[in-house]
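Heads up, the thing below is written out as structure tokens.
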Amino acid sequence: MTACILTVALDTPIDTVFDYRWSSPEDDACIAPQIGQFVLVPFGRREVVGLIVEIKQDSDIANDRLRDILAVRTQLAPVTPEWIALCRFAADYYQRPLGEVALPCLPKHLRAAKTVSLDRALKKLAQSAKATPIAKAAKTQQSAKPEQDAEPDTEAPPPSSAEPATTPRPSLNAEQHAAVDAITVANGFQTHLLFGVTGSGKTEVYLNAAERILLREATEGRYGQVLLLVPEINLTPQLEASVRARFPHLPVATLHSQLAEGERLRHWIAAHQGRAAIVLGTRLSVLASLPQLRLIVVDEEHDPSYKQQEGLRYSARDLAIWRARQLQIPVVLGSATPSVESWQHAQTGRYRLLNLTQRAAAHAQLPRVSLIDMEIHKAADGLSPPLVAALRGRLERGEQSLLFLNRRGYAPVMHCDACGWISNCRRCTAFMVLHKPEHRLRCHHCSLEQRVPVSCPTCGNVDLQPLGRGTQRVEEHLQVLFPDARVLRIDADSTRRKGSAQAAFDAVHRGDVDILLGTQMVAKGHDFQRLTLVGVINPDTALFSQDYRAGERLFAQLMQVAGRAGRAAGTNASAPSSEVLLQTRYPQHPLYRALLAHDYIGFAQSTLDERRAAGLPPFAYQALLRAEARSLQDALDFLQQARALAPADGIVLNEPVPMTVTRVAGVERAQLLVESTSRPQLQAFLRPWIQALRQLKSRLRWSLEVDPVDI
Ligand code: ADP
Ligand code: ZN
Ligand code: ZN
């Protein structure tokens, strides 16, 4: 009988790993456990799944206090040491315990005490691999010895038919060619910044680079994997369709939070077994187990949704780069409006800049952008006369229009003229938003809901007024203006039901919609072929935000929504009718001037100059400590205490301040910003500081975010 000690990472805030005793059952010559396997262990009174990170003969824990491993998940191949190293890096960098990184990112069924779902998924995958020779063909040769029924054919030789089939495709233009070459000839690690205007054919570059790399692996008798990251799930269907069309013979896995658990498990395992040649996913897929990973693509790399905003607050883009370096493989960051951090790295040569300067499809042109000065053109219900006229023209010609207003609901606040009452949320420092079709007031921070009051709660006045406007109000106005037009609103409210967003976008693509109206959900990714007008209703508020990143975000968003127009190939080049109309009170603002000229480079450069002068990222590194308490004073006191704990050279600990939205759901929130001009120095400071904070035994909730995006 053999025995040993297994060190196991568990999903718990306790910042350590745990030793357990393992011994082989007497009756069989059981294979010894391996690092990277999952195990079931007793933890307190529960049974939980953990990850073996070390195997040793002795423990510092007294033998009689050690508990036994309950089961080893031998049906699954171990995760690679590289995957564990990735989790370890993320844990260290974002100041979390290893187990809180490595386990929550796994499918739920994999973390379950019972293995019914796991065994079922493995069986299903094995069957489908047997049924379709192509899937079998793309299977990996991983040294997955402990697997039994899951991988019956691991000895099968790698076939040459991993070669993707060819479907009709555009031939690359010179710039696309150069980009694909640069990505694929590079040996080892390189970060490429693929900078290309909307519609310049970045997707085509990703697909060609992926194909070339997978083909190269196949001819050398190996299987490769490509990870394609997208910011949001409502963008995936279109991209997924192009990927599947391009590689009909290759298994594609998708990973995102909206998959049903069983599906998510199967896709995760397909990636983990190396069967899935292409993995398409949102930020969480950067932590997928991908033993044969050869290329990573981060599409729309500037997008804020790559940043996880709770739990492990990681940046999927940054982890993608780390992962590529670790594996010595290329990583491609694609965007029409790169984050200024990435742009800066491209300027210094740390990233390699690849340019796509033109729209790829024949005759597709960038739309003309004009500003509508709202001081001159008074708007009835938010729509100025020039914008209304432009909409009317589109309706007459049977073309589509898109109106962008990044505010859902009917009106952001209700108000009583008689006594000054406004619809404050009683649990938050925020207004209750009027949702007229639903007859509700809703707080967008704490989700509190109530019926719209028939009269003023303080003075009884029955004439309550909505103030400002959201998408529902504009929709109502459009129906009055253009009673025959088919108006469709797409926002979080109109797409609550599963599948309804997709159905709505399908209707637009089919041409069943004349005017599409929506929040940032409509700004991204979609290639609307019949769209010739984009109207932007009220972008000005972001110009005066306290968040220093607000301008950068607004610019990216406006470029992106503008890019929805004029994408059609083969439209009459002599009559370029695509235009973008932007309503503003500040037509002279430099951000809008840059937008008119489609001048990302100028905008990025001036933003970087400002950041440099102000000592802000990317010229400084930040971490944000947040505290939550019943009373604001308690939260601030805790942060003061934290601040007093650890003065350090080269580290600036700012005065604790209440957060902008101070109270949410009855909890007061405050924050302390930590800054340094050196990333290593900041990291060296944070580690012992967090340790000391844990020792404070404060009962209030706090969290740390490294490289925060919302300040
Ligand atoms: P991006 O991702 O840069 O916004 P896409 O990859 O979506 O751009 O491409 C925009 C359109 O141009 C798509 O319809 C695509 O099929 C087409 N396209 C891409 N490359 C070429 C090319 N080399 N020749 C013709 N059309 C192309
Ligand atoms: Zn009143
Ligand atoms: Zn609220």
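Basis for what follows: all heavy atoms, side chains included, without hydrogens, waters or symmetry-related copies. It should be emphasised that the depicted structure is a prediction, and the values quoted were computed from it without experimental measurement. Each ligand, and each atom within it, is numbered from 1 in the order the structure gives.
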- request: May I ask you to check whether Gly201 has an N/O atom sitting below 3.5 Å from an N/O atom of ligand 1?
  value: yes

- request: Classify the side-chain pair Ser339/Arg317 by whether it contains a donor and acceptor separated by less than 3.5 Å.
  value: yes

- prompt: With atoms numbered from 1 as shown, which atoms in ligand 1 lie under 4.0 angstrom from a non-hydrogen atom of Ser171?
  reply: 22 (C), 23 (N), 24 (N)

statement: Checking heavy atoms under 4.0 Å, the part of Arg359 that sits near ligand 1 is neither

message: Would Asn406 and Thr519 count as a side chain to side chain donor-acceptor pair (under 3.5 Å) here? Give the steps.
response: CA-CA 4 Å; Asn406 214 4; Thr519 55; 4.6 Å; no

query: Just wondering, do Val226 and Val279 contact through their side chains at under 4.5 Å, heavy atoms?
result: no

query: With atoms numbered from 1 as shown, which atoms in ligand 1 lie under 4.0 angstrom from a non-hydrogen atom of Asn173?
result: 23 (N)

- request: Report yes or no: does a heavy atom of Gly563 sit under 4.0 Å from some atom of ligand 1?
  value: no

field: Within-4.5 Å side-chain heavy-atom neighbours: Gln176 and Leu356
entry: yes

task: With 2.8 Å as the limit, jot down which protein N, O or S atoms are around the Zn ion (ligand 3).
output: Cys425 SG, Cys428 SG, Cys443 SG, Cys446 SG

task: Begin with the C-alpha distance, continue with both residues' side-chain angles, and end with the deciding distance and a verdict on side chain to side chain donor-acceptor pair (under 3.5 Å) for Arg669 and Thr662.
output: CA-CA 5 Å; Arg669 310 173 319 155; Thr662 311; over 6 Å; no

- prompt: Given atoms SG of Cys419 and SG of Cys459, what angle do they subtend at the Zn ion (ligand 2), to the nearest 10 degrees?
  reply: 110°

task: Indicate whether the side chain of Gln472 and that of Asp491 have a donor and an acceptor atom separated by less than 3.5 Å.
output: no

message: So, applying side-chain hydrogen bond (donor to acceptor under 3.5 Å, both in side chains) with Thr532, which one of Arg394, Glu579, Arg397 is it?
response: Arg394

message: With respect to Gln529, determine whether any N or O atom, backbone or side chain, lies less than 3.5 Å from an N or O atom of ligand 1.
response: no

- prompt: Can an N or O of Thr198 be found at a distance shorter than 3.5 Å from an N or O of ligand 1?
  reply: no

task: For Arg440, enumerate each residue passing the salt bridge (Lys or Arg N to Asp or Glu O under 4.0 Å) test, keeping only those at least two apart in sequence or located in another chain.
output: Glu449

query: Going by distance only, is there an N or O of Gly199 that falls short of 3.5 Å from an N or O of ligand 1?
result: yes

Pairwise side-chain contact, Tyr410 with Arg473, heavy-atom cut-off 4.5 Å (strictly under): yes

field: Minimum heavy-atom distance Arg442-Asp493, with the two atoms named
entry: NH1-OD1, 3.5 Å

- request: Could you list which atoms of ligand 1 come closer than 4.0 Å to a heavy atom of Val197?
  value: 3 (O)

statement: Note: Thr203, heavy atoms under 4.0 Å from ligand 1, region reported as both

task: Say whether Val205 and ligand 1 are in contact under the criterion: heavy-atom distance to a ligand atom below 4.0 Å.
output: no

Validation row: Ser200, Thr357 side chains within 4.5 angstrom (heavy atoms): no

